[in-house]
Amino acid sequence: MATIEEWSRAFAARNVLCRDAALPVCHQLHFLQLACEKLSKAHLCTKGSNSADLQSSHAFVQKTLPLIAREQFLNTNDRQLSNKSWMMAHIRHFPEKSNFSRRRWTTTDRALTTANTLGLGLSRTFLYLPKMHFQI
Amino acid sequence: MSLIAPPLPSKENVAHRLAQSHFSIEPGMTQIFRIKCSSNTEEVDPFEPVKLLEVNSNTVESGIRPIHFGAHPAAGMLYPSVIIEITPAELAALSQGGLRLPNGWLLDREIQRS
């Protein structure tokens, strides 16, 4: 089992990848998807959720991620909260687009996603995610 | 200079303010209810979170999933909070007993949008 230090390094590396402008946009978006999933899991784990439950389901991200974002907006003391409505709408849409809501991934899903991450001969303008392709 | 700390705002006030800010930022928010503990002594404990049940037409149906947040005094949030977000259909299920709140929590009054 990976140590906490190894996990920390892996998360940090993923964050760097999210910001690497040299990567195709589809790969950056995929790393962003993974980072959002880890963010949601980390939040739930620190608040006492059972980590085993989080291993088997992606559904929690679709509910947790928008609430974490909203809390961050509120904590900035911004009085123009209604201006953030459009951002909330996008944040709520993002996990759905990225297919976080799937309960379980099949072997094919994992292979496609891994291939997408590695850029194995796939188009630079499409992100391959389980059962769907969507244009960026 | 007074060395006496000002009293904490009531949870009722904090819940109202939190609910209004959530109404402002969430276009799909239709109703917000307070949730309280079954025991009043537990509810008035400052470490007991302010709990809101939010009905949002833009969320997904995934049952009752309380999400905890810590206090944030710099932003005026002096109590921890718990948000349970459900869809209008899930609210109907909750009213009919198909869904239940955890920890013996009770659905309290609705906070109106102001």
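Chain letters run A, B, ... following the sequence lines, proteins first, then strands; residues in each count from 1.
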When the 4.5 angstrom heavy-atom criterion is applied to B:His68 and chain A, the contacting part is both
Heavy atoms of B:Ser24 and A:Ser85 approach each other most closely as O-OG, 3.5 Å
Verify the cluster assignment for B:Phe47 and B:Val44: are they in a single hydrophobic cluster under the rule of side-chain heavy atoms below 4.5 Å apart? no
CD1 (B:Ile67) and CG (A:Leu67) are apart, to the nearest 0.5 Å, by 4.5 Å
- Item | Non-hydrogen side-chain atoms of B:Ile25 and A:Met87 separated by less than 4.5 Å | no
Worksheet item: Does B:Arg65 reach the side chain of A:Thr64, with side-chain heavy atoms less than 4.5 Å apart?
Response: no
So CD1 of A:Ile91 and CG of B:Asn58: to nearest 0.5 Å the spacing works out to 12.5 Å
| Counting distance only, does the side-chain N/O of A:Lys63 pair as donor-acceptor with the main-chain N or O of B:Val60 below 3.5 Å? | yes
Rounded to the nearest 0.5 angstrom, the CD-NE2 distance for A:Glu71 and B:His72 is 8.5 Å
Contacts satisfying salt bridge (Lys or Arg N to Asp or Glu O under 4.0 Å) that involve residues 24-35 of chain B (not counting sequence neighbours) are A:Arg70-B:Glu26, A:Arg92-B:Glu26, B:Glu12-B:Arg34, B:Arg34-B:Glu43
- What about B:Val55 and B:Leu94, same hydrophobic cluster or not, with Ile/Leu/Val/Met/Phe/Trp/Tyr joined at side-chain heavy-atom distances under 4.5 Å? yes
Should B:Ile83 and B:Met29 be counted in the same cluster of Ile, Leu, Val, Met, Phe, Trp and Tyr side chains packed under 4.5 Å apart?
yes
Exercise for the section: Say whether B:Ile64 and B:Val82 are linked into one hydrophobic cluster, either directly or through other cluster members, by side-chain heavy-atom distances under 4.5 angstrom. Expected result: yes
Is there a path of hydrophobic side-chain contacts, each under 4.5 Å between heavy atoms of I/L/V/M/F/W/Y residues, joining B:Ile35 to B:Phe33?
yes
Residues of residues 98-114 of chain B with a heavy atom under 4.5 Å from any heavy atom of chain A, in residue-number order, are none
